[in-house]
Number of protein chains: 2
Amino acid sequence: MIRNTRQRAAVNAVFDELEGFHSAQEVHARMRAAGDTIGLSTVYRAVQALVDDGELDSIRTDAGEAIYRRCSARHHHHLVCRACGRTEEVEGPTVERWADRVAGEHGFVDVKHTLEIFGTCAACHATAAPTPVDGPARQG
Amino acid sequence: MIRNTRQRAAVNAVFDELEGFHSAQEVHARMRAAGDTIGLSTVYRAVQALVDDGELDSIRTDAGEAIYRRCSARHHHHLVCRACGRTEEVEGPTVERWADRVAGEHGFVDVKHTLEIFGTCAACHATAAPTPVDGPARQG
DNA sequence: GGGGCATGTGAGAACTGTTGTCGACTGACC
DNA sequence: GGTCAGTCGACAACAGTTCTCACATGCCCC
């Protein structure tokens, strides 16, 4: 039996309010700052449950930290500003087809792929800013 | 001044011998097993230096561990078997163009992207095997 | 070839993000 | 309201990585 608890709903609500990707630690800190007494373990559990339910998408930063974002259910990719963390969902049927075809040509089955695009958004390009979300160590 | 040390050359040599992706810990264990007295810190330093030099490519597993592989210099992506860790380099000019175009349409500049394809290779598909290299938590 | 010194090394501590543990709590079903 | 499995929260434990610091050594200059 899966319960609807106050804590889980609260974590869910936080992602409703937030734009872009945020780490579990960040969500925890934000909730504690807002007066919520939720534990860090609970935030991790709630976030993972939401990922399992398909409510959130998770990616890993270059630093190895998992970050999360409320996403649409359909398959898509992310265009992430490495300066402000702003995220756009983008769809690429071309890429899906290409990935499936290439995998098939090499005899691979049960294929999934990860694709994230990192760049500097127009707004941040004008004003140099710090780097909350790291891009890839190397193009690959 | 960057020195040519025995240790750095040894780490480099290990990747010459290895196929597929391997973690720093794994390389360290392998070198120790071979009688080398290299320290773990040194392996991390050497590996990062090689990544900086473009000699190695690094990606993160879903578990957050950084894994490395000797790669060709040109831009490419990886097709990784999640059962045996076998890796194929694949090139996708279609994808490169798509990523640049999409980023451009959203006003993003200085764009880089990560793309990894995870699947089960033909050989492993026949024989169920354990999972040394995790795929993505969710397609994205 | 030898001296000097900046750079690299290695062992282990420290740090960070994440997961596991355990007693207490609580929401759903009766 | 009673029962009990699922959940909570504090904290310990864990894994991967980075930092520290005393010591070693490769390279430049003579």
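Below, chains carry the letters A, B, ... as their sequence lines are ordered, and counting in each starts from 1. No experiment lies behind these values; they were computed from the predicted model shown.
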* Asked: Where do Thr42(A) and Gln7(A) land on the side-chain hydrogen bond (donor to acceptor under 3.5 Å, both in side chains) test, with the steps shown first?
  -> CA-CA 8 Å; Thr42(A) 304; Gln7(A) 291 83 350; over 6 Å; no
>> Any side-chain to backbone donor/acceptor pair from Thr61(A) onto Glu65(A)? Under 3.5 Å, distance only.
In response: yes
note: Leu50(B), atom CG; dG8(C), atom P; distance rounded to Å ~ 13 Å
Is it the case that the side chain of His77(B) and the backbone of Leu115(B) share a donor-acceptor pair, with hydrogens and angles ignored and the cut-off at 3.5 Å? yes
Residue set satisfying side chain to side chain contact (heavy atoms under 4.5 Å, CB included) with Arg3(B), at least two apart, ordered chain then number -> Thr5(B)
note: Arg32(B), atom CZ; dT9(C), atom C1'; distance rounded to Å ~ 12 Å
Residues of residues 4-11 of chain B with a heavy atom under 4.0 Å from any atom of DNA chain C, listed by number, are Thr5(B), Arg6(B), Gln7(B), Arg8(B)
In this structure, CZ of Arg70(B) is separated from CG of Asp16(B) (nearest 0.5 Å) by 4.5 Å
Following the transitive rule for hydrophobic clusters with a side-chain heavy-atom cut-off under 4.5 Å over Ile, Leu, Val, Met, Phe, Trp and Tyr, establish whether Tyr68(B) and Leu40(B) coincide in one cluster. no
Counting C-beta onward and ignoring hydrogens, is there a side-chain heavy-atom pair between His22(A) and Arg69(A) closer than 4.5 Å?
no
By nearest-nucleotide position on DNA chain D, the 5'-leaning member of Arg3(B) and His28(A) is His28(A)
Given protein heavy atoms under 4.0 Å, the one-letter contact record of nucleotides 16-24 of chain C, with B base, S sugar-phosphate only and - none, is simply -BBBBB---
CD1 of Ile67(A) to CD of Gln25(A), rounded to nearest 0.5 Å, is 13.0 Å
